[in-house]
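A short worksheet on the structure shown next.
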Amino acid sequence: MVPMRFSYLGPRGTFTQMALMQVSSDESEHVPAVDVPAALRMVRRGETDFAVVPIENSVEGGVNATIDSLSNGSALRIVGEMLVPITFVLAAPQGTRLEDVKRISTHPHGWAQCQNWIADNLGDVIHVPATSTAAAAAAMAGGATNFDAALCNPLSAEQYGLTVLAEGVADNPDAVTRFITVGPENVPLPERTPSDKTTLQVQLPSDESGALLTMLEQFATRGVNLSRIESRPVGDSLGRYQFSIDCEGHVADERVQAVLIGLHRTCPLVRFFGSYPSAHQIPVKLRPGTADQDFSSARSWVAGLLETKD
Ligand SMILES: O=C(O)C(=O)Cc1ccccc1
């Protein structure tokens with residue numbers, strides 16, 4: 001069998017690569033990308049089979065780079081998700097003392113997750129943004145002089161030969177990041193399980209009062225729970241927003257199909273990014289009247305009303 005090629009937010013040693021290791025086999029090829037759009041671009045161009053990218057963080061919320069590059073480019077399909085617990089170390093070249101650290105490089109999500117620790121332990125420190133936590137560690141190991149330490153995961157501190165100045169550098173020890181595996185549009189849809197998620201992009205009709213409520217009602221009336229909803233600018237004019245949504249259930253579920261039909265009837269743009277097993281594997285709790293058989297028996301009843309009786 002031909003080994004699978006996975007692009008991911010690199011360089012080697014990122015949290016994203018840790019997520020990728022949960023789904024790839026020993027033979028798989030890991031292709032580091034400089035940022036999230038580049039990782040997805042490789043899939044769009046057929047240079048890799050799948051991309052693994054972060055989408056949501058328990059502290060910082062949605063990862064805009066991922067949401068926007070899914071929404072604003074050609075069609076892709078999410079086929080799975082993985083959760084990675086996030087732990088940070090502060091790492092620097094040998095000989096650096098904690099009190100000498102005045103500039104720290106890391107990914108913006110890493111910086112946001114360590115704010116209180118930094119304020120309590122280092123005082124005023126400047127953030128030097130990096131494309132990933134491992135990119136900060138790699139630059140540090142390569143002799144960067146525009147910062148004094150990197151906030152990264154313990155694995156990349158070790159891989160890049162840095163000394164750990166402090167461990168457990170995070171405000172919330174239970175922080176988790178959610179990653180997704182993304183393939184081309186024609187990848188087979190993962191089979192239905194008791195615990196699935198569906199990801200959508202929805203635009204609302206402009207200048208229509210109650211449009212947001214109408215959109216949300218499509219989910220509410222079919223008992224479909226949302227697990228994430230984010231508004232992002234459409235980008236063409238001020239005040240135009242679109243929504244990136246994760247809801248519970250699979251497109252093969254009657255209630256999810258009914259939501260999609262309702263959205264398609266009432267919204268100018270609806271894009272389906274895939275249905276895939278949720279990482280927590282907790283079965284979706286169905287509201288009475290929303291199971292497949294409730295829809296099919298209701299449909300048969302209506303069909304019966306149309307039959308002519310002799
Ligand atoms: O930079 C990384 O290592 C990533 O994979 C992105 C990221 C950054 C901070 C928290 C979780 C994921």
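None of these values were measured; they are calculated from a predicted model.
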>> One pair to check against side-chain contact (heavy atoms from CB on, under 4.5 Å): Y241 and R232. What are the steps and the verdict?
In response: CA-CA 5 Å; Y241 284 85; R232 295 290 305 147; 5.7 Å; no

>> Under the criterion side-chain contact (heavy atoms from CB on, under 4.5 Å), I'd like the reasoning laid out for Q203 against C267: C-alpha separation, chi angles, the key distance, then a yes or no.
In response: CA-CA 6 Å; Q203 285 178 11; C267 299; over 6 Å; no

> Passes side-chain contact (heavy atoms from CB on, under 4.5 Å), L90 versus L122? Steps please.
Replying inline: CA-CA 11 Å; L90 188 68; L122 298 173; 4.1 Å; yes

> side-chain contact (heavy atoms from CB on, under 4.5 Å) between F243 and L212: does it pass, once the steps are laid out?
Replying inline: CA-CA 10 Å; F243 293 88; L212 176 59; 3.8 Å; yes

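Both M4 and V52 are part of a single hydrophobic cluster, where members link through side-chain heavy atoms under 4.5 Å apart. Cluster annotation: I126 and W117 are assigned to distinct hydrophobic clusters (Ile/Leu/Val/Met/Phe/Trp/Tyr, side-chain heavy-atom contacts under 4.5 Å, transitive). Hydrophobic clustering places L76 together with V53 (ILVMFWY residues linked when any side-chain heavy atoms are closer than 4.5 Å, directly or through intermediates). F15 and I104 fall within a single hydrophobic cluster, where Ile, Leu, Val, Met, Phe, Trp and Tyr side chains are chained together by heavy-atom contacts under 4.5 Å. Hydrophobic clustering keeps I180 apart from V23 (ILVMFWY residues linked when any side-chain heavy atoms are closer than 4.5 Å, directly or through intermediates).
A salt bridge between R103 and D148 is present, with a side-chain N of the basic residue lying under 4.0 Å from a carboxylate O of the acidic one. A salt bridge links E230 with R228: the closest approach of a Lys/Arg side-chain nitrogen to an acidic carboxylate oxygen falls below 4.0 angstrom. A salt bridge between E81 and R178 is present, with a side-chain N of the basic residue lying under 4.0 Å from a carboxylate O of the acidic one. A salt bridge between D294 and R299 is absent, with no side-chain N of the basic residue lying under 4.0 Å from a carboxylate O of the acidic one. Here R5 pairs with D49 in a salt bridge; the nearest charged N to carboxylate O distance falls below 4.0 Å. Ion pairing of D196 with R192 is absent here, as no side-chain N (NZ or NE/NH1/NH2) approaches a carboxylate O to less than 4.0 Å.
Side-chain rings of F50 and Y8 stay apart, their centers remaining 6.0 Å or farther from each other.
Between I55 and F179, the closest side-chain pair of non-hydrogen atoms is not below 4.5 Å. Counting only heavy atoms from C-beta outward, the side chains of V84 and Q22 approach each other to under 4.5 Å. Side-chain contact check for I229 versus L216: some heavy-atom pair is nearer than 4.5 Å. Side-chain atoms of T87 and P154, non-hydrogen and from C-beta on, do get closer than 4.5 Å to each other. Within the 4.5 Å cutoff, no side-chain heavy atoms of T16 are placed close to those of V36. Residues T198 and V259 form no side-chain contact, since every pair of their non-hydrogen atoms from C-beta on lies 4.5 Å or further apart. A heavy-atom distance below 4.5 Å is found between the side chains of P268 and P205. Taking the side chain as every heavy atom from C-beta outward, M215 and T266 never approach each other to under 4.5 Å.
Considering all non-hydrogen atoms of both residues, T14 and P11 come closest at CG2-O, 3.3 Å. In terms of heavy-atom proximity, T96 sits nearest to L165 at O-CD2, 3.3 Å. When all heavy atoms are compared, the tightest approach of D292 to E254 is OD1-N, 2.8 Å. Across all non-hydrogen atoms, the minimal contact from D35 to L9 is CA-CD1, 3.7 Å. Closest non-hydrogen pair, G249 versus S275, comes out as O-OG, 4.4 Å. Contact detail for F147 and A139: the closest heavy-atom pair is CZ-CB, 3.9 Å.
Residue H264 places its NE2 atom among 12 or fewer non-hydrogen atoms of other residues, nucleotides or ligands, all under 6.0 Å distant. In this structure, L305 places its CG atom where more than 12 heavy-atom neighbours from other residues, nucleotides or ligands lie under 6.0 Å away. Q94 CD: 12 or fewer foreign heavy atoms inside a 6.0 Å radius. At most 12 non-hydrogen atoms from other residues, nucleotides or ligands lie less than 6.0 angstrom from CG of D207. More than 12 heavy atoms of other residues, nucleotides or ligands lie within 6.0 Å of CG in D120, so this atom counts as buried by the packing criterion. The number of heavy-atom neighbours closer than 6.0 Å to CD of E191, taken from other residues, nucleotides and ligands shown, is 12 or below.
For the 3.5 Å distance criterion, the side chains of Q242 and Q201 qualify, holding a donor opposite an acceptor. For T199 and D246, the side-chain atoms include at least one donor-acceptor pair closer than 3.5 Å. Between S297 and S300, the side chains place no donor N or O within less than 3.5 Å of an acceptor N or O (distance only, hydrogens not considered). In this model, a donor atom of one side chain and an acceptor atom of the other lie less than 3.5 Å apart for S278 and S195. For the residue pair H30/S24, the side-chain donor-acceptor check at 3.5 Å is satisfied.
Between the CZ atom in F273 and the CG atom in L200 there is a gap of 9.0 Å [rounded to 0.5 Å]. Once rounded to the nearest 0.5 Å, the distance linking CD of E217 with CG of L263 reads 11.5 Å. Taken from OG in S231 to CD1 in I245, the straight-line distance is 10.5 Å, to the nearest 0.5 Å. In this structure, CG in L20 is found 14.5 Å from CZ in R12, a value given to the nearest 0.5 Å. We find the CE-OG distance between M140 and S156 to be 12.5 Å, quoted to the nearest 0.5 Å. From M18, atom CE reaches atom CE of M82 across 12.0 Å, with rounding to the nearest 0.5 Å.
A cation-pi contact, defined as under 6.0 Å to the ring centre and within 45° of the axis, is absent between R255 and F219.
Hydrophobic side-chain contacts under 4.5 Å tie L83 into a cluster, directly or through other members, with V176.
For H127 (side chain) and T106 (main-chain N/O), a donor-acceptor pair under 3.5 Å exists by modelled atom type.
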